[in-house]
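Each chain gets a letter, A, B and so on, in the order the sequences are listed, and its residues count up from 1.
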Amino acid sequence: MIELQMSKIAPRIIFMGTPEYAVPYLEGLIASGLKPEAVISQPDRPVGRKQTIEPTPVKMAALKYGIPVLQPENLRDHEWIEKIHSLKPDVIVVVAFGQIIPKSLLAIPPRGCVNVHPSLLPYHRGPSPLQEAILRGDTNGGVTIMLMDEKVDHGPLLHQASFPIDANETYETLREKTTSCGVPLLTATLRDWLVEKITPQMQDDDEATFSRLLTRDSGKISWELSSDDIERSVRALNPWPGTWTTCKDKRVKILEAYSIPTMISDHERGTLFQTTDKQNQLFIACGIGTLSISRLQLEGKKVLSAKDFIAGHQGLIGSTCV
RNA sequence: CGCGGGGUGGAGAAGUCUGGCAUCUCGCUUGGCUCAUAACCAAGAGAUCGUGGGUUCAAAUCCCACCCCCGCAA
């Protein structure tokens, strides 16, 4: 029945997105018969060590499916607004586009701009909701499909789904969960929304919490903090911006670690040490408790397990990281 | 030409500047000690030092070219 209705309606959809994790949403729409008329992605930019210009992941996916791609340098330009207008979209779907969508663009589609936000709005509005959930130690997370308005992550809700967040959840595992939950939710919600089966509900602004835009500096570890806090940072901030410290003037990334809040040592905060009973483990003293480091990387070198690191870097053990 | 580090037995490192016997911490094999062990002791195997060329009596080390990995930056 739904299929029949949809084919009559033949909705015109524009998809806006940029990074890798927006691709499954685009593919989900295509797979369920909601193939966009056009895709808008950020301009190609220099990327990687060689700074070669590469198309965005969403652009590459779109081209693979033969969907035309627009890459406006500035969305506010009248040219682009008119161009998008001329495509006569019924709805625009936005997944991690990476720029604020101007009001003039939000006003174009009659069914509005539908956004996927990886948190249970109004909690964790803003640019880093997944990281925020882990940093705060949330035990529950989810995905929200919402209508965009002129304030960021503020518009009315169309649908939400939730799931538990594990105690050892990392950014990457949480993102996988979010994607596998969010992709079907988006397509189902979009279908219902297009046939007017959903009544949008306003968010409770009083309950809103906000996540910050992460910067490179967000990943620098302060050993004054508790081992619990540092462990959460390690789980939340890898692979980007990454968590790191400096040991004997060398940058050391901490890729995986777990907190032992009850373990107390005499070492100065930030000191790398071993214990006689667990010789394959690498510890570091924190403000409160001790962090056990299981995977780490010295600048210019490969990622190592604690055991391999200990084998080759005896000289660093006993020194203090800052 | 964005800046920089690296490739050495199975793992991780030192040695390279200043050319001269292949080193360290592990792992592995065998034997020993032990009620026992991830502990300890002893012996042993295992390497064309990323690839190709050059210099030299002699190259992991110096010179040239190439391949691969990574940190920063974006």
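Between the C1' atoms of B/rU56 and B/rA47, the separation comes to 24 Å (whole Å). For the P atoms, the distance linking B/rU16 with B/rG20 amounts to 9 Å, nearest Å. Nucleotides B/rU61 and B/rG19 place their C1' atoms 6 Å apart, quoted to the nearest Å. Spacing of P atoms, B/rG53 relative to B/rA58, comes out at 16 Å, to the nearest Å. Rounded to whole Å, the C1' atom of B/rC64 lies 39 Å from the corresponding atom of B/rG27. Taking atom C1' on both B/rG12 and B/rC49, the two are 16 Å apart, rounded to the nearest angstrom. Between B/rA43 and B/rU25, the two P atoms lie 13 Å apart (nearest whole Å). B/rG71 and B/rU55 are spaced 34 Å apart, taking the C1' atom of each and rounding to whole Å.
Residues A/Arg212 and A/Gln131 bring no donor and acceptor atom of their side chains to less than 3.5 Å of each other. Under the 3.5 Å distance criterion, with hydrogens and angles disregarded, no donor-acceptor pair is assigned to the side chains of A/His124 and A/Asp153. For the residue pair A/Asn238 and A/Thr243, a side-chain donor N or O sits within less than 3.5 Å of a side-chain acceptor on the partner. A donor and an acceptor atom, one from each side chain of A/His117 and A/Thr144, are nowhere located under 3.5 Å apart.
Considering only side-chain atoms of A/Lys301, the nucleotide from B/rA74, B/rG6, B/rG27 that sits closest is B/rG6. Side-chain atoms of A/Lys307 lie closest to B/rC26 of the nucleotides B/rC26, B/rG71, B/rU25. Residue A/Gln51 places its side chain closer to B/rA74 than to any other of B/rA13, B/rA11, B/rA74.
For B/rG71, the paired base is B/rC3 (Watson-Crick or G-U wobble, both distances below 3.5 Å). The pairing partner recorded for B/rG19 is none, the criterion being a Watson-Crick or G-U wobble arrangement whose two distances lie under 3.5 angstrom. Across every strand in view, B/rA38 sits unpaired, with no contact that passes the Watson-Crick or G-U test at under 3.5 angstrom. Base pairing of B/rU29: its partner is B/rA43, meeting the Watson-Crick or G-U wobble criterion (both donor-acceptor distances under 3.5 Å).
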Pair A/Ser227, A/Ser259 - check side chain to side chain donor-acceptor pair (under 3.5 Å), show working.
CA-CA 5 Å; A/Ser227 55; A/Ser259 169; 2.8 Å; yes
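Distance A/Leu296 CG to B/rA11 P: 18 Å, rounded to the nearest Å. The nearest whole Å value for the distance from the NZ atom in A/Lys278 to the P atom in B/rA39 is 16 Å. A straight line from CD of A/Gln279 to P of B/rA39 spans 7 Å, rounded to a whole angstrom. The interatomic distance linking A/Ile317 (CD1) with B/rC26 (C1') rounds to 12 Å, in whole Å. Regarding A/Lys50, its NZ atom lies at a distance of 13 Å from the C1' atom of B/rG71, rounded to whole Å. Between A/His313 atom NE2 and B/rG5 atom C1' there is a gap of 12 Å when expressed in whole angstrom units. When the P atom of B/rC70 is taken as reference, atom CZ of A/Phe309 falls 19 Å away, rounded to whole Å. Following rounding to the nearest Å, A/Arg45 (CZ) and B/rA73 (P) show an atom-to-atom distance of 18 Å.
Heavy-atom neighbours of A/Lys250 NZ from other residues, nucleotides or ligands within 6.0 Å: at or below the threshold of 12.
Each of A/Asn280 and A/Trp240 was matched to the nucleotide of RNA chain B holding its nearest heavy atom; the match closer to the 5' end belongs to A/Asn280. Where A/Gly300 and A/Arg251 each meet RNA chain B at their nearest nucleotide, the meeting point lying more 5' is that of A/Gly300.
Looking at heavy-atom distances under 4.0 Å, A/Arg216 makes contact with a base. Across all strands, A/Lys253 comes closer than 4.0 Å only to sugar-phosphate atoms, never to a base (heavy-atom distances). Residue contacts for A/Gly315: at a heavy-atom cut-off of 4.0 Å it reaches no nucleic acid atom on any strand shown. As judged by a 4.0 angstrom heavy-atom cut-off over every strand, A/Gln297 is placed among residues touching the sugar-phosphate backbone only.
Of the residues listed (A/Arg232, A/Lys177, A/Arg235), the one engaging A/Glu169 in a salt bridge (charged side-chain N to carboxylate O under 4.0 Å, His left out) is A/Lys177, and it is the only one.
Side-chain N/O atoms of A/Arg49 include none lying less than 4.0 angstrom from OP1 or OP2 on B/rC72.
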